[in-house]
2 protein chains.
Amino acid sequence: MNPAKASGCGKVVVVSKRNPDQTRARILQAAFEEMRRNGFRAASVDQILADTGLTKGALYHHFPNKAALGHAVVDELIGASICHAWIEPLQSTKDPIAGLLQLLESIPPEKLAAVAQTGCPLNNLALEMSPVDDDFRQRIEAVFRAWREGVAERLRAGQEAGYVAADVDCEQAATFFVASIEGAMGLAKNARDSSVLLACVCGIRRYLESLRPAA
Amino acid sequence: MNPAKASGCGKVVVVSKRNPDQTRARILQAAFEEMRRNGFRAASVDQILADTGLTKGALYHHFPNKAALGHAVVDELIGASICHAWIEPLQSTKDPIAGLLQLLESIPPEKLAAVAQTGCPLNNLALEMSPVDDDFRQRIEAVFRAWREGVAERLRAGQEAGYVAADVDCEQAATFFVASIEGAMGLAKNARDSSVLLACVCGIRRYLESLRPAA
DNA sequence: CCGGGTTCATACTGCTCAGTATGCGAACCG
DNA sequence: CGGTTCGCATACTGAGCAGTATGAACCCGG
């Protein structure tokens with residue numbers, strides 16, 4: 001019997017036997033974790049396969065080479081993750097400054113501790129790959145650009161609604177916001193100390209509140 | 001004849017024949033440049049030697065292994081560079097906020113363009129090596145700590161002199177300052193765009209000026 | 001001027017890694 | 001039910017890598 005049919009529903013989830021989509025997803029996920037540990041160039045294809053229990057035949061069936069695998073990790077996992085964590089939650093807020101602060105200050109301590117260990121996967125890859133692989137660089141840049149523009153757009157909306165001072169350059173402010181967050185994650189990662197993140201959240205709060213209209 | 005004696009001055013500079021200190025310095029410099037291009041792990045010992053015209057015998061005479069070479073680059077070149085660029089110039093200033101801004105805004109455009117290509121070597125190494133080599137991590141952390149403490153100390157002095165508001169946590173502010181700069185360099189490197197740096201300088205200016213005492 | 005430590009060059013080793021060639025069973029299609 | 005394509009496993013190759021073994025030229029103290 002076909003186990004896929006046996007599940008008998010529209011969204012079929014199969015563990016056993018042939019399931020190329022799931023196989024591809026497993027490779028992607030394991031590649032993401034290996035890249036988070038070791039970066040892209042030091043990421044071992046053999047290690048990724050050992051983690052998944054698959055073999056080279058599977059990997060090179062789904063991806064032409066290691067670079068394409070890395071590109072897919074950026075596009076499909078990291079890009080989606082950034083969008084989910086930093087852009088989508090802002091869509092519902094009227095006051096962008098309050099929204100951004102809420103985003104930062106509602107991060108649970110265990111998540112802060114995790115970030116202090118790994119840093120931001122996007123920035124890690126950016127600093128490693130941008131000088132040596134322009135294809136990587138452009139895909140990472142697309143994610144950064146979406147992030148910056150997502151924040152800038154909300155700031156502009158908040159500006160028209162009177163939550164942000166009229167003389168603020170919203171693209172500039174969004175760029176600085178993103179840069180500060182990435183810088184904070186990098187410092188915290190090297191220090192292995194989540195209190196660095198708390199210090200930077202205080203700094204960002206002070207900066208964001210300086211964007212308010214003069215009372 | 002000994003070419004060292006032939007130069008006939010106190011500060012002897014010799015190109016030819018035996019000069020172990022200069023040989024070591026050449027290796028260090030070439031290693032620094034190779035690490036700036038490729039990071040540490042992808043830095044090729046053979047490439048470093050090709051750049052210097054030396055061979056493995058020379059390198060492994062001066063350094064026990066590749067890791068020790070990397071450590072020396074951090075301690076002797078990068079650490080000194082950070083100190084020279086970001087800590088020493090502050091020592092003479094009374095007003096730390098003005099001093100820090102002066103430091104940022106007096107960077108010539110060609111230097112900004114260069115930074116937008118390479119990023120900050122310290123942060124590049126930090127993100128690459130901190131998860132995989134604790135010795136590297138601690139040496140990098142020492143540099144970051146000196147930087148943060150150097151800035152914090154000046155902020156405290158400025159606080160006592162009335163240039164900085166009394167309620168400012170100077171360590172926190174220094175941490176955020178360093179994080180913002182590193183974040184800005186990283187974003188600019190990936191975007192290959194020095195205007196990102198200008199945007200972040202504006203952000204840092206706004207932040208620093210928010211540290212002033214209420215008029 | 002002459003041993004001995006210093007400073008480097010040359011040639012080699014073993015390992016890790018991305019990528020390939022090939023084959024085989026399962027699924028799908030007529 | 002036969003054939004063809006898909007999905008993946010196995011075994012291998014060649015290149016690049018850090019590190020080593022060895023030796024030779026140099027410099028200095030005696």
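Computed from a predicted structure; not experimentally measured. Every chain is numbered from 1, with letters handed out A, B, ... down the list of sequences. Note: hydrogens, waters and symmetry copies are ignored here, and every other heavy atom, side chains too, is used.
Rounded to a whole Å, the CG atom of B/L59 is 14 Å from the P atom of D/dC17. Rounded to a whole Å, the NE2 atom of A/H61 is 14 Å from the P atom of D/dT5. The distance between atom CG of A/N19 and atom P of C/dA26, rounded to the nearest whole Å, is 16 Å. The distance between atom CD1 of A/I48 and atom P of C/dG19, rounded to the nearest whole Å, is 11 Å. Rounding to whole angstrom units, CZ of residue B/R24 and C1' of C/dC8 are separated by 16 Å. Atom-to-atom, CG of B/D21 to P of C/dT7 comes out at 9 Å; the value is rounded to the nearest Å. We find that CG of B/L49 is positioned 11 Å from C1' of C/dA9, with the value rounded to whole Å.
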N/O contacts under 3.5 Å, protein versus nucleotides 18-20 of chain D?
| from | atom 1 | to | atom 2 | distance (Å) |
| --- | --- | --- | --- | --- |
| D/dA18 | OP1 | B/A43 | O | 3.0 |
| D/dA18 | OP1 | B/V45 | N | 3.3 |
| D/dA18 | OP1 | B/K66 | NZ | 3.2 |
| D/dA18 | OP2 | B/V45 | N | 3.2 |
| D/dA18 | N7 | B/K56 | NZ | 3.0 |
| D/dG19 | OP2 | B/Y60 | OH | 3.2 |
| D/dG19 | OP2 | B/K66 | N | 2.8 |
| D/dG19 | N7 | B/K56 | NZ | 2.9 |
| D/dG19 | O6 | B/K56 | NZ | 2.9 |

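Salt-bridge annotation for A/R192 and B/E141: absent, with no side-chain N of the basic residue lying under 4.0 Å from a carboxylate O of the acidic one. Between B/D46 and B/K56, at least one side-chain nitrogen of the basic residue sits less than 4.0 Å from a carboxylate oxygen of the acidic one, meeting the salt-bridge criterion.
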What side-chain donor-acceptor pairs closer than 3.5 Å can you find for residues 74-81 of chain A, not counting sequence neighbours?
| from | atom 1 | to | atom 2 | distance (Å) |
| --- | --- | --- | --- | --- |
| A/D75 | OD2 | A/R139 | NH1 | 2.4 |
| A/E76 | OE1 | A/R24 | NH2 | 2.6 |
| A/E76 | OE2 | A/R24 | NH2 | 2.4 |

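With sequence neighbours excluded, the residues satisfying ring-ring contact (aromatic ring centres under 6.0 Å, His included) with B/Y207 are B/F176. Taking B/H71 as the reference, B/F136 meet the ring-ring contact (aromatic ring centres under 6.0 Å, His included) condition, with sequence neighbours excluded. Applying the side chain to side chain contact (heavy atoms under 4.5 Å, CB included) test to B/T52 and every residue at least two apart in sequence or in another chain returns B/R26, B/A30, B/L49, B/L54.
Heavy-atom minimum distance, A/A191 versus A/V196: CB-CG2, 4.2 Å.
The cationic group of A/K66 does not satisfy the cation-pi geometry with A/Y60, failing either the under 6.0 Å distance to the six-membered ring centre or the 45° limit from the ring axis.
Contacts with DNA chain D (heavy atom under 4.0 Å) in residues 124-139 of chain B: none are found.
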